[in-house]
Protein chains: 2
Amino acid sequence: VNTIKKGEKTKNHIIEQSAILMNQHGFLSTPLSEIVEVTGMQKGGIYNHFKDKEELALQAFDQCCSVIQQYIENAIDLKSSVTDRILAFIEAYCTFGENPTIPGGCPIMNASIEADDGQSAKLLERAQFAMQNLIKFLMDEITNGINNKEIRSEIDPQKTATIIMATIEGGILLNKLFIDRSHITTVKDHLIDYVKNELCII
Amino acid sequence: VNTIKKGEKTKNHIIEQSAILMNQHGFLSTPLSEIVEVTGMQKGGIYNHFKDKEELALQAFDQCCSVIQQYIENAIDLKSSVTDRILAFIEAYCTFGENPTIPGGCPIMNASIEADDGQSAKLLERAQFAMQNLIKFLMDEITNGINNKEIRSEIDPQKTATIIMATIEGGILLNKLFIDRSHITTVKDHLIDYVKNELCII
């Protein structure tokens, strides 16, 4: 039992360290030598736990997503109205970059840029799945909001979810590019106004 | 004279082919072997024209930007009102992905994701400069629009330019991720409504 526990602990250590590294340097393009360095392990020790580098990249990507998901869930947890949950989601997604747990911006964006050219169909699929989940969360909230008369009935849940996610991602890109939080703050404030003024029935 | 011309022609050939390749596979992470293959040239022949791979990447990035800039300039060229120029810019930036000249999405986004971790300060600087130019174009148009009473005076040119560029970039990301034009179409239609309803007088 102790051996299994130790093995799992080592595996989790590799995943956590790789997640931090790969969200900054690339899920596919981070060299194994950097993973060796940051984990303090040998190549062979790493490959005891993952059948290849892609498998490690996929698990590191999932780890990034689950840290962010936890951060967002904490933010929306105590909000009872749909509007407050959508606003808390926007606030959280625009600010998780200030949370030093996973530096490097949005892992879905990072993975998409790397994987869209056929380098890893599996990573692209995971990135699609992660983005679908975010869009679906927003769609479901908007649909609930329409049903309980918080949100205008003429709002299209899918399109609105797409617009919110696109705007957030673009803000994260500008934040990454200019290393200056003014852009993401502008985008966040704009989205908050958009939700309050365009979606909500006062 | 002919030798200079031939040398320049060869250099341009390398830049054009590398631009197409690198916007898809990475300005920094495309292996030289792929550039050798696509240009039909030897390593030595390539390094006759560029002092290193970074220098080639920078010129390939500039080439991508100049193709897109030309595409946008053509789109806005005959528009006389500020509103029409902003709308034509949005339309063009959201659709250059359909233009097969430079596949791989927005080069500024692609370069940012690769270069933000310190891999190439020069590439990051070029990407910042390219994005600044786009934001500045929109800011100047919006300022002109306020001056000539096409655009509401309470609109903040810088913030509005940031919001438009962020939303476009996020739409390009979703288009890249889902290989499905519905997202970028949704984003484009949203921005067109935003300009018409939120920015314009009337």
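Below, read A as the first sequence line, B as the second, and so on, with proteins coming before strands; counting in each chain starts at 1.
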B/Leu173 side chain reached by A/Ile113 side chain, heavy atoms, under 4.5 Å: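 SC-SC contact between A/Ile113 and B/Leu173 confirmed.
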Sub-4.5 Å side-chain heavy-atom contact between B/Leu177 and A/Asp116: no
Top residue by heavy-atom pair count (under 4.5 Å) with chain A, among [options]?
options                                : value
B/Gln119, B/Glu114, B/Gln132           : B/Gln132
B/Asp156, B/Thr186, B/Leu174, B/Thr167 : B/Thr186
B/Lys159, B/Gln128, B/Glu169           : B/Gln128

Region of A/Ile108 in contact with chain B, defined by heavy-atom distances below 4.5 Å: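 The side chain, not the backbone.
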Segment of A/Ile179 engaging chain B (4.5 angstrom heavy-atom cut-off):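 Interface part for A/Ile179: side chain.
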[X] [atom1] to [Y] [atom2] distance, which is reported to the nearest 0.5 Å:
X        : Y        : atom1 : atom2 : answer
A/Ile172 : B/Ser112 : CD1   : OG    : 13.5 Å
B/Met131 : A/Phe178 : CE    : CZ    : 6.0 Å
B/His183 : A/Met165 : NE2   : CE    : 10.5 Å
B/Lys188 : A/Ile163 : NZ    : CD1   : 13.0 Å

Steps toward side chain to side chain contact (heavy atoms under 4.5 Å, CB included) verdict (B/Tyr194, A/Glu198): CA-CA 11 Å; B/Tyr194 170 70; A/Glu198 306 286 316; over 6 Å; no
A quick test of your reading: do over 12 heavy atoms of other residues, nucleotides or ligands sit less than 6.0 Å from [atom1] of [X]?
X       : atom1 : answer
B/Glu54 : CD    : yes
B/Gln42 : CD    : no
A/Glu55 : CD    : yes

Structural part of B/Ile135 lying under 4.5 Å from a heavy atom of chain A: side chain
Shortest non-hydrogen separation from A/Gly171 to B/Ala166 and the atoms involved: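 Scanning both residues, the minimum pair turns out to be N-CB, 3.7 Å.
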